[in-house]
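This report refers to the structure that appears directly beneath it.
Numbered from 1 within each chain, the chains take letters A, B, ... in sequence-line order.
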2 protein chains.
Amino acid sequence: MLTDRQLLILQVIIEDFIHSAQPVGSRSLSKKDEITFSSATIRNEMSDLEEMGFLEKTHTSSGRIPSEKGYRYYVDHLLSPQAPKKNEMKLLKSVFVERIYELEKIVQKSAKILSELTNYTAIVLGPKVNEHKLKKIQIIPLSPETAIAIIITDTGHVENRMISLPPSFDINEIEKMVNILNARLVDVPLTDLKDKIYKEVAVLLSRHIQNYGSMVSVLADTLTDTKPEKIFFGGKTNMLRQPEFHDIAKVSTLLSMIEQEQGFYELITQNPTGIHVRIGRENQNTVLDDCSLITATYSIGQEQVGTLAILGPTRMEYSRVISLLSFFSRDLTTLMTKLYQK
Amino acid sequence: MLTDRQLLILQVIIEDFIHSAQPVGSRSLSKKDEITFSSATIRNEMSDLEEMGFLEKTHTSSGRIPSEKGYRYYVDHLLSPQAPKKNEMKLLKSVFVERIYELEKIVQKSAKILSELTNYTAIVLGPKVNEHKLKKIQIIPLSPETAIAIIITDTGHVENRMISLPPSFDINEIEKMVNILNARLVDVPLTDLKDKIYKEVAVLLSRHIQNYGSMVSVLADTLTDTKPEKIFFGGKTNMLRQPEFHDIAKVSTLLSMIEQEQGFYELITQNPTGIHVRIGRENQNTVLDDCSLITATYSIGQEQVGTLAILGPTRMEYSRVISLLSFFSRDLTTLMTKLYQK
DNA sequence: ATTAGCACTCAGAGAGACAGAGTGCTAACA
DNA sequence: TGTTAGCACTCTGTCTCTCTGAGTGCTAAT
């Protein structure tokens with residue numbers, strides 16, 4: 001439906017606009033090497049492209065800027081994947097050379113590097129904790145009424161939570177209880193803990209522990225109230241560098257949304273495996289009307305565990321970001337699989 | 001050296017400017033209830049105050065704004081402490097009514113509430129971890145080469161770190177080692193751990209564990225590489241709401257500094273106990289030239305453990321913020337003392 | 001010592017002019 | 001018939017000018 005020439009023009013306009021942030025006019029286009037025809041011809045084609053909804057004008061006699069539909073077409077059909085440059089690769093790999101083991105630290109560092117490399121905001125969804133299996137439970141009494149429960153998963157994730165002991169609870173029975181818990185619950189996925197506690201462990205505890213009743217519910221609550229997967233951000237204020245956000249009123253709601261890290265969980269987990277691009281209003285959130293979000297997933301073995309995302313203006317360097325994300329998610333998957341696959 | 005009338009004028013100008021963010025003119029001043037003399041008189045006094053360095057003009061025929069020296073004088077001599085309002089008090093107290101036990105969560109919530117109450121950026125320095133004493137060490141093997149070390153302090157702080165086991169290390173000896181460590185190191189302040197490991201524990205380990213040498217250094221490194229006290233922020237983007245920062249160029253370096261949380265540790269730990277105000281260039285940091293920082297300390301028992309701080313424009317509601325901080329730090333001290341004092 | 005009055009200053013808003021970059025349309029061209 | 005040259009037109013951004021309002025500083029009167 002689009003001629004080759006129209007495709008070329010659309011592509012060049014979008015790529016020009018991505019770098020200049022200025023509406024692109026026919027005359028400046030005609031000067032480019034890849035364009036061999038005159039500005040008048042370009043004007044005609046532009047006019048057609050506008051009619052079809054791929055381009056827009058900011059005012060009657062301005063140059064053209066891509067519409068959301070234009071970006072969408074560009075992303076779907078015109079992208080030329082470009083391998084990251086040497087020095088970019090080096091920076092990417094730097095996440096992996098340091099000997100870091102904790103999942104969360106790797107994830108955090110990833111967010112930092114991705115944001116530095118792109119100059120956009122990086123959002124990385126950490127590993128899904130509750131699909132991991134229990135390695136060990138520890139309960140350490142602090143005072144007659146309080147104790148710390150520590151849960152260690154097979155992926156090296158440690159979570160700890162204060163619990164208040166039931167008043168009737170005999171502190172000396174903690175060790176006994178912990179033994180029972182460990183004997184029964186090791187290798188159980190975190191999601192199944194609650195169930196298992198009520199179904200199996202409660203009975204056991206009742207045999208050995210006095211006043212076990214209230215303790216069971218405290219335990220069950222504590223152990224299953226696992227945090228949702230943690231989100232890490234990098235370059236939260238990078239949006240300020242984009243010329244389209246040089247207006248405080250516009251950027252401030254966006255920045256507070258980013259600061260509070262709210263709503264991003266749903267936003268970046270909507271997509272299945274692979275790389276996905278959501279442009280402007282496709283995000284279904286007025287705050288993000290001028291933003292695009294690119295998401296990629298990473299895995300441990302076959303199991304998808306997390307998401308990488310880059311949030312930038314709709315005028316985003318799609319091909320660069322997509323390449324970076326696809327390289328990075330592949331490397332991250334390799335690393336994670338090596339480190340954590342059973 | 002300043003007459004009562006000059007003091008009154010200075011105070012009214014500052015308080016007016018704090019609320020309006022506009023230069024204050026003689027005529028608008030003369031209309032205020034507390035001012036009984038004419039605008040011409042005020043002009044004369046203003047001129048004197050300017051000569052003495054307490055006021056400034058933005059241009060030759062503008063109204064006056066306070067200088068740093070003016071704010072300083074105001075903070076030192078003219079502040080009228082005002083008790084927080086009922087609903088503010090209620091919000092303040094809300095940190096304490098929920099049954100949260102972990103120090104860090106209390107601290108984090110404090111930052112949030114302080115920032116919401118003031119509309120400025122709150123910075124809260126968490127408890128000094130390494131002055132706390134070791135309650136328990138756990139080492140849990142994950143794979144033949146890696147294990148997790150978990151350190152629990154008497155204040156309920158849990159830290160965990162992956163360690164890579166020396167290749168020659170026999171995984172079955174971990175339990176033995178942990179027992180030795182716990183027998184020797186419990187109740188030792190975190191700061192003294194390294195010393196104690198080399199001086200006392202190494203000898204013991206050498207008797208019971210093969211290849212103890214490399215393990216000792218791994219342990220010592222791991223256990224003493226404690227993070228510095230953690231800093232929590234609230235309202236990181238609140239600066240955007242201040243009219244003096246309605247210019248992106250001005251605010252963006254400030255915001256990135258806040259985002260990276262860098263440099264604030266030194267900034268807010270400079271002061272001894274009590275409430276301190278640093279105004280504009282007193283902060284010794286060009287990025288903060290237009291900002292003021294108010295710090296307060298809180299304690300557990302007699303031991304000072306942390307700092308609360310509010311970062312705002314130099315045109316800050318000093319008296320309100322100071323009152324809030326002093327109330328809050330007192331309450332926080334009470335709570336922490338009750339919860340954690342031995 | 002205080003105040004009224006007046007000349008002066010400056011920022012900010014609004015109007016008009018102008019250059020530059022762009023468009024759309026028409027007519028000529030290959 | 002598709003392409004191009006040419007021209008009239010449009011809109012933005014910038015500059016300048018003017019005007020107003022809010023302010024000052026100074027002087028003379030109270």
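The phosphate of C:dG5 (OP1 or OP2) has no side-chain N or O of B:R27 nearer than 4.0 angstrom. Side-chain N/O atoms of B:T60 include one lying less than 4.0 angstrom from OP1 or OP2 on C:dC10. Regarding contacts with the backbone of C:dA11, every side-chain N or O of B:K57 stays at 4.0 angstrom or more from both OP1 and OP2.
B:Y74 places a side-chain heavy atom less than 4.5 Å from the side chain of B:E15. Here the side chains of A:T118 and A:N238 are not in contact, with every heavy-atom distance at 4.5 Å or above. For the pair A:L311/A:L267, no side-chain contact is recorded, criterion being any heavy-atom separation below 4.5 Å from C-beta on.
A donor N or O paired with an acceptor N or O is found under 3.5 Å between the base of C:dG24 and the side-chain atoms of A:R43.
Using a cutoff of 4.0 Å between basic side-chain nitrogens and carboxylate oxygens, B:R72 and B:E68 are not scored as salt-bridged. Between A:E261 and A:K236 there is a salt bridge, since at least one side-chain N of the basic residue sits less than 4.0 Å from a carboxylate O of the acidic one.
A heavy atom lying under 4.0 Å from DNA chain C marks none of the residues of residues 10-22 of chain B.
Side chains of B:Q82 and B:S319: a donor on one and an acceptor on the other come within 3.5 Å.
A:T41 comes within 4.0 angstrom of a base, heavy atoms only.
For B:M46, counting side-chain heavy atoms from C-beta on, the closest listed nucleotide (D:dT10, D:dG6, D:dT24) is D:dT24.
Heavy-atom distances to DNA chain D give each of B:N44 and A:F37 a nearest nucleotide, and the one nearer the 5′ end belongs to A:F37.
Atom-to-atom, CG of B:D48 to P of C:dA1 comes out at 12 Å; the value is rounded to the nearest Å.
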